[in-house]
Amino acid sequence: MASSIIIPWIFYIQILAISSKAIAAVPAIIVFGDSSIDSGNNNYLPTLAKCNFEPYGRDFPGSTPTGRFCNGRLAPDFVSEGFGLKPIIPAYLDPTFSISDFATGVCFGSSGTGYDNYTAAILKVFPLWKQVEFFKDYQTKLRAYLGDERANEVISEALYIISVGTNDFLINYYNFPQRRTQFTIPKYEDFLIGNAEDFIRKIYSLGARKLSLAGLPPMGCLPLQRTLNLKNPHSCSEERNKVALEFNEKLKVSVVKLMTELPGLEVLHIDVYELLSQLITQPSQYGFEFAEAACCGTGLFETGILCNRLTPYTCLDADKYVFWDAFHPSERANKIISDEMLPSLKLAFL
């Protein structure tokens, strides 16, 4: 009788031990990229690409405009929580956080940046090479805080989230002549892929091994791009969506190549295009009422400084909208996307 009671408990304890070991396999979430993941680093830059004012952050804990381009939390925040870590990823430049906070998660991202250094220069934000410099500085502080052995474990076992590339097309290529005179779109895609590979090699050389690499979203369906689509007003720009799909296919090929070349590197390509397309094309299935226009203002063009506390018509309930502003998903959309990502991330990295 006693043995029949003990055996299930031993089994239960083993399961708990396995679960704890699995969660511990990802001790930190480390984030690079643009406004899709920036949790507030641009607050400390003299740039227009920031949003540390209302109504941004109105659904964030404490109703705080943190610098996230959203009404609340971003996808990396939800991924962190899903891995049993803290529910927010702090910005590295935020002075209210310290290395003790960053030890389990940190964001080096900068809104408005891209794989192309020229993209970052347009809005005077941090290019990827500068984000790598922040990562080096972080490692020095982490080793001083945890000791070399434990810090090296965190660096090698952390999950690295990378989300960037949309601005290279929508802010840079389509709006300024410099890259258009140098590259056709296919050649520019190749140029960006080369930069992406160089970036991954750099963080690999610094210890990164587990990477979640997001592709481009259906950028022609962002509310701002619908507004700018003069050929077919308020419809998605199929030409820009086609570019996103082409780039994503090249990125997938690049991922396979890098994993072959770099021992121990694991990269999971995240198909953001498909995830967001589902919300846009079938909003009611996910509980949304609006997918063509955003919550802030008219929802047609307002983003950044054009989405402020004085902007008229801003919706009362952002949960009904796929997009918070004309460029960025709402918190609820971010939560749904991260929930869709989590099983694949856990399967790949736990």
Side-chain angles (χ1 to χ4, degrees), residues 31-78 87-97 106-114 119-120 122-127 130-131 161 163-167 170-172 175 217 219 222-225 227 276 293-319 321-335 337-338:
V31 188
F32 296 91
D34 56 24
S35 60
S36 60
I37 55 79
D38 181 8
S39 53
N41 286 308
N42 277 22
N43 295 349
Y44 309 97
L45 279 176
T47 176
L48 292 176
K50 56 185 171 185
C51 57
N52 54 341
F53 44 80
E54 298 174 350
Y56 287 96
R58 72 179 194 188
D59 298 309
F60 192 83
S63 300
T64 306
T66 59
R68 289 167 171 81
F69 274 85
C70 189
N71 58 303
R73 290 192 284 166
L74 303 176
D77 297 314
F78 291 114
I88 65 165
I89 301 291
Y92 188 56
L93 296 185
D94 190 332
T96 63
F97 296 98
V106 62
C107 175
F108 303 115
S110 182
S111 301
T113 200
T119 302
I122 292 169
L123 288 171
K124 298 181 173 60
V125 300
F126 296 122
K130 183 62 176 179
Q131 295 183 35
I161 295 178
S163 180
V164 65
T166 305
N167 297 323
L170 298 188
I171 291 179
N172 184 351
N175 289 323
M219 55 189 186
L222 303 181
L224 180 59
Q225 294 306 302
T227 301
L276 190 52
C295 171
C296 191
T298 63
L300 302 178
F301 60 87
E302 294 90 348
T303 189
I305 59 172
L306 296 178
C307 174
N308 59 66
R309 65 184 182 86
L310 300 178
T311 301
Y313 314 122
T314 296
C315 78
L316 297 178
D317 184 1
D319 284 352
Y321 289 74
V322 174
F323 293 96
W324 160 248
D325 67 18
F327 211 91
H328 305 94
S330 65
E331 178 185 60
R332 186 162 174 271
N334 285 330
K335 176 68 164 63
I337 290 170
S338 64

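The structure displayed is predicted, hence computed values, not measured ones. No hydrogens, no waters, no symmetry mates; every other heavy atom, side chains included, goes into these values. All residue numbers refer to positions in the sequence shown, counting from 1.
For the residue pair Thr66 and Arg68, a side-chain donor N or O sits within less than 3.5 Å of a side-chain acceptor on the partner.
Separation of atoms CD1 (Ile89) and CZ (Phe108) is listed at 11.0 Å; rounding is to 0.5 Å. To the nearest 0.5 Å, atom CD1 of residue Ile122 and atom OG1 of residue Thr113 are 10.0 Å apart. One distance of note links OG1 of Thr227 with CD of Glu302; it measures 8.5 Å at 0.5 Å rounding. We find the CG-CG distance between Leu224 and Leu222 to be 7.5 Å, quoted to the nearest 0.5 Å. How far CZ of Phe69 is from CG of Asn334: 13.5 Å, rounded to the nearest 0.5 Å.
Judged purely by atom type and a 3.5 angstrom limit, Thr311 uses its side chain to pair as donor or acceptor with the backbone of Leu306. Between the side chain of Asn172 and the main chain of Asn167, no donor-acceptor pair closer than 3.5 Å is present. The backbone N or O of Ser110 sits nowhere less than 3.5 Å from a side-chain atom of Asn41 that would complete a donor-acceptor pair. Remark: side-chain polar atoms of Glu54 are not paired, donor with acceptor, to backbone N or O of Pro65 under 3.5 angstrom. Without hydrogens or angle criteria, Lys50 side chain to Leu45 main chain gives a donor-acceptor distance under 3.5 Å. Using a distance-only test at 3.5 Å, with no hydrogens or angles considered, no donor-acceptor pair links the side chain of Arg73 to the main chain of Phe78. With hydrogens and angles disregarded, no donor-acceptor distance shorter than 3.5 Å links the side chain of Thr47 to the backbone of Val125. Panel note: side chain Thr303, backbone Ala326; no donor-acceptor pair is recorded below 3.5 Å. A side-chain donor-acceptor contact under 3.5 Å links Asn42 to the backbone of Ser111. Of the possible polar contacts, one joining the Ser330 side chain to the Tyr321 backbone as a donor-acceptor pair under 3.5 Å is found.
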- [ ] Take Leu93 and Phe126, measure what side-chain contact (heavy atoms from CB on, under 4.5 Å) needs, and give me the verdict at the end.
- [x] CA-CA 12 Å; Leu93 296 185; Phe126 296 122; 3.5 Å; yes
inquiry  = Could you walk me through whether Leu276 and Val322 satisfy the side-chain contact (heavy atoms from CB on, under 4.5 Å) test, starting with their C-alpha distance in whole Å, then the side-chain angles of each, then the deciding distance to 0.1 Å, before giving a yes or no?
reply    = CA-CA 9 Å; Leu276 190 52; Val322 174; 4.1 Å; yes
Cys295 vs Thr314, side-chain contact (heavy atoms from CB on, under 4.5 Å): CA-CA, chis, key distance, verdict
CA-CA 6 Å; Cys295 171; Thr314 296; 4.1 Å; yes
Worksheet item: When you look at Ile88 and Ser39, which way does the side-chain contact (heavy atoms from CB on, under 4.5 Å) test go after all the steps?
Response: CA-CA 9 Å; Ile88 65 165; Ser39 53; over 6 Å; no
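The minimum heavy-atom distance between Gly112 and Leu123, with the atom names listed, is CA-CD1, 4.2 Å. Annotation for Arg332 and Asp319: closest pair NH1-O, 3.4 Å, computed over non-hydrogen atoms. Scanning all heavy atoms of the two residues, the minimum distance from Ser63 to Arg58 falls at OG-O, 3.2 Å. Shown here for Cys107 and Ile37, the closest heavy-atom pair between the two residues is SG-O, 3.3 Å. Shown here for Asp325 and Tyr56, the closest heavy-atom pair between the two residues is OD2-OH, 2.7 Å.
Between Cys315 and Cys296, the gamma sulfurs sit at a distance of 2.5 angstrom or greater. The SG atoms of Cys307 and Cys51 do not lie less than 2.5 Å from each other.
Under the 4.5 Å side-chain criterion, counting only non-hydrogen atoms from C-beta, Glu331 is in contact with Cys70. In this structure, the side chains of Leu48 and Ile305 come closer than 4.5 Å at one or more pairs of heavy atoms. You'll find the side chain of Thr298 reaches within 4.5 Å of the side chain of Tyr313, heavy atoms only.
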